[in-house]
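The basis for the numbers below is simple: all heavy atoms, side chains too, and nothing from hydrogens, waters or symmetry mates.
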Amino acid sequence: MSATVWFAPWKPGPAEHTGLGDDPGGAAAVVSVTDFAPHRPWTAIGVNIAGVALRRTWDDVEGAIGLWLWSAPGLLRSRSGSVSVWRDEEALRGFVARHDHVRIMRTYRDRGDLRSTTWHTDRFDKDATQAAARDVIAGWCAQPVS
């Protein structure tokens, strides 16, 4: 059985057009996909609120090309996460170390299972990236978590 995965609209970052001319596709990028499966259903509410709050600051995240938040609803184990696209690994590491991100990770680290993966692409294509991320997420959703 495949999971239903819902994506929030694309949120462009300040680096969306950096070095890309008029076409946001074509430049090299780093893609990061995260998945959080809370141990308790009510934890999902706080995680989703925190994700939306981070999304609101996206215009100020240096090196961010763009972001999708995603959700796979479930009665007992809903899941959510992000697909973020970066100019380079340094920009991704800078975001991961930001105080607001660190605070959220510390708050929820023992309240669920977190998975992530990162890959490089020589030519960023929004549609292809979302399709690849959807495949990764569907694979995670098909696997049991502890």
Under the side-chain contact (heavy atoms from CB on, under 4.5 Å) criterion, do Val83 and Val31 qualify, and how do the steps go?
CA-CA 7 Å; Val83 179; Val31 179; 4.1 Å; yes

Can a donor-acceptor pair be found between the side chains of [X] and [Y] at a distance below 3.5 Å?
X	Y	answer
Arg55	Ser82	no
Glu16	Trp10	yes
Thr34	Ser116	no
Thr4	Trp6	no

Using every non-hydrogen atom in the two residues, find where [X] and [Y] come nearest and quote the distance to one decimal.
X	Y	answer
Ile104	Ala50	CD1-CB, 3.7 Å
Ile65	Ala15	CG1-O, 3.8 Å
Arg134	Val5	NH1-O, 3.0 Å
Arg79	Trp140	NH2-O, 3.3 Å
Gly63	Ala91	CA-CB, 3.6 Å
Pro38	Thr43	CB-CB, 3.7 Å

Indicate yes or no: at least one non-hydrogen side-chain atom of [X] is less than 4.5 angstrom from one of [Y].
X	Y	value
Trp58	Ser84	yes
Leu114	Met105	yes
Val61	Trp86	yes
Thr118	Leu92	yes
Trp119	Val136	yes

Nearest 0.5 Å please: distance from the [atom1] atom of [X] over to the [atom2] atom of [Y].
X	Y	atom1	atom2	value
Thr129	Trp68	OG1	CH2	5.5 Å
Ser80	Ile45	OG	CD1	11.5 Å
Lys11	Asp59	NZ	CG	4.5 Å
Ser32	Glu89	OG	CD	10.0 Å
Asp35	Thr117	CG	OG1	11.5 Å
Arg98	Thr57	CZ	OG1	4.0 Å

Identify whether [X] and [Y] are in the same connected component of the hydrophobic contact network (ILVMFWY, side-chain heavy atoms under 4.5 Å).
X	Y	value
Val52	Val47	yes
Val85	Trp70	yes
Val33	Phe124	yes

Has Arg111 got a side-chain atom pairing as donor or acceptor with Thr107's backbone, closer than 3.5 angstrom?
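Indeed, once roles are kept as given, a pair shorter than 3.5 Å links the two residues.
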
Phe95 and His101 aromatic ring geometry - parallel, tilted or perpendicular at 30°/60° bounds:
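Tilted, since the angle between the ring planes falls between 30° and 60°.
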
